[in-house]
Amino acid sequence: MQLAAASGVRVIATARPGAEADFVTSLTDGDVQVVDFTGDLAAQVRALAPEGVDAVVHLAGDGVQLTALLKKGGRIASTVNLTQEAVTQDVTVHGVMADTNAQTLTVLAEKAASGSLRVPVTATYPLEQAADAFAAFGAGALGKIAVTCS
């Protein structure tokens with residue numbers, strides 16, 4: 001979301017109202033509109049983009065439902081194993097896997113070092129409490145969780 005907003009893309013993000021929405025909008029100085037994914041997501045997105053959106057980044061939830069938000073010919077990038085065969089709309093599905101090559105990591109590290117990409121660590125756990133860190137992650141903790149090994 002941060003990279004998209006910084007490049008001038010109109011961003012519609014999903015979050016619960018309150019602390020989650022505040023957290024999401026605090027990640028960038030760019031214009032981000034937030035919709036509540038616990039409500040009627042399609043209606044909220046259509047109110048902002050009546051013709052549909054050009055692209056969706058699918059990180060959670062039902063990817064097939066999210067394809068209904070796309071314009072004809074739109075694209076959805078999914079980290080959650082959505083496949084082209086699973087959708088019936090005229091959209092393109094892109095599976096996204098981690099790309100840990102040196103060039104990608106260098107660009108991301110430079111952006112983080114310059115402050116143009118913020119990676120907010122909101123909780124830190126000692127290694128002995130790694131199980132608690134995973135539980136917090138599973139419960140939907142906001143931000144990043146760090147486990148220290150010292």
Side-chain angles (χ1 to χ4, degrees), residues 1-125 133-147:
M1 182 210 57
Q2 293 176 63
L3 298 174
S7 69
V9 172
R10 179 180 181 203
V11 175
I12 301 171
T14 58
R16 287 184 180 93
E20 280 188 26
D22 293 344
F23 178 80
V24 167
T25 57
S26 75
L27 292 173
T28 180
D29 294 331
D31 183 33
V32 175
Q33 296 169 297
V34 179
V35 294
D36 179 3
F37 65 88
T38 64
D40 186 344
L41 182 62
Q44 293 173 77
V45 171
R46 291 288 179 193
L48 297 170
E51 303 299 318
V53 297
D54 296 310
V56 169
V57 177
H58 171 222
L59 304 173
D62 185 341
V64 173
Q65 285 183 333
L66 294 176
T67 62
L69 304 175
L70 290 163
K71 294 177 182 175
K72 182 178 179 180
R75 301 173 313 259
I76 182 167
S78 176
T79 63
V80 198
N81 299 320
L82 181 66
T83 64
Q84 190 69 52
E85 296 75 31
V87 301
T88 58
Q89 291 93 330
D90 180 15
V91 299
T92 302
V93 176
H94 299 278
V96 178
M97 302 303 286
D99 181 13
T100 57
N101 69 60
Q103 182 180 7
T104 299
L105 293 176
T106 298
V107 168
L108 291 173
E110 288 170 351
K111 288 184 180 299
S114 74
S116 64
L117 177 64
R118 290 180 265 193
V119 184
V121 176
T122 56
T124 303
Y125 294 83
F134 278 105
F137 173 78
L142 294 177
K144 301 299 177 192
I145 297 172
V147 176

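The chain is numbered in sequence order, starting from 1.
Nearest heavy atom pair, residue Val121 against residue Ala146, reads CG1-CB, 3.8 Å. Taking both residues in full, the closest heavy atoms of Ser114 and Ser116 are given as OG-OG, 3.1 Å, listed atom of the first, atom of the second, then distance. Between Gly63 and Ile76, the closest heavy-atom pair is O-CD1, 3.8 Å. Nearest heavy-atom pair across Ala5 and Val32 is CB-CG2, 4.4 Å. The shortest heavy-atom contact between Arg46 and Ala68 is NH2-O, 2.6 Å. In this structure, Ala60 and Val80 approach most closely via the heavy-atom pair N-CG2, 4.0 Å.
With hydrogens and angles ignored, the 3.5 Å screen pairs no side-chain donor or acceptor of Arg118 with any backbone N or O of Gln2.
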Working for side chain to side chain contact (heavy atoms under 4.5 Å, CB included), residues Leu70 and Gln89:
CA-CA 9 Å; Leu70 290 163; Gln89 291 93 330; over 6 Å; no
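Annotation: side-chain hydrogen bond (donor to acceptor under 3.5 Å, both in side chains) contacts of Asp36 (sequence neighbours excluded): Thr38. Considering only residues two or more places apart in sequence or on other chains, Arg16 meets the salt bridge (charged side-chain N to carboxylate O under 4.0 Å, His left out) condition with Glu20. The side chain to side chain contact (heavy atoms under 4.5 Å, CB included) check on Ala133 picks up Tyr125, Ile145, Val147, with sequence neighbours excluded. Qualifying side chain to side chain contact (heavy atoms under 4.5 Å, CB included) partners for Gln84, counting only residues two or more places apart in sequence or in other chains: Val87, Thr92, Val93. In this view, Ala86 and Val64, Leu82, Thr83 satisfy the side chain to side chain contact (heavy atoms under 4.5 Å, CB included) rule, not counting sequence neighbours. With sequence neighbours excluded, the residues that form a side-chain hydrogen bond (donor to acceptor under 3.5 Å, both in side chains) with Arg10 are Gln33. For Asn101, the side-chain hydrogen bond (donor to acceptor under 3.5 Å, both in side chains) partners at least two apart in sequence or on another chain are Asp99, Thr104. Taking the side chain to side chain contact (heavy atoms under 4.5 Å, CB included) definition, one finds that Asp90 meets it with Lys72, sequence neighbours left out. For the side-chain hydrogen bond (donor to acceptor under 3.5 Å, both in side chains) test, no residue two or more places apart in sequence or in another chain qualifies with Gln65.
Contact check for Leu41 versus Val35: side-chain heavy atoms found under the 4.5 Å cut-off.
For the atom pair CG (Leu142) and CG (Leu27), the distance works out to 9.5 Å, reported to the nearest 0.5 Å. Interatomic distance, Ile12 CD1 to Asp31 CG, rounded to the nearest 0.5 Å: 10.0 Å. Between the CD atom in Glu110 and the CG atom in Leu117 there is a gap of 12.0 Å [rounded to 0.5 Å].
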Name every donor-acceptor pair, under 3.5 Å, that has one atom in a side chain of residues 47-54 and the other anywhere in the protein, sequence neighbours excluded.
unit_1 : atom_1 : unit_2 : atom_2 : d
Asp54  : OD1    : Lys71  : NZ     : 3.3

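Counting non-hydrogen atoms of other residues, nucleotides and ligands closer than 6.0 Å to CZ of Arg75 gives a total of 12 or fewer.
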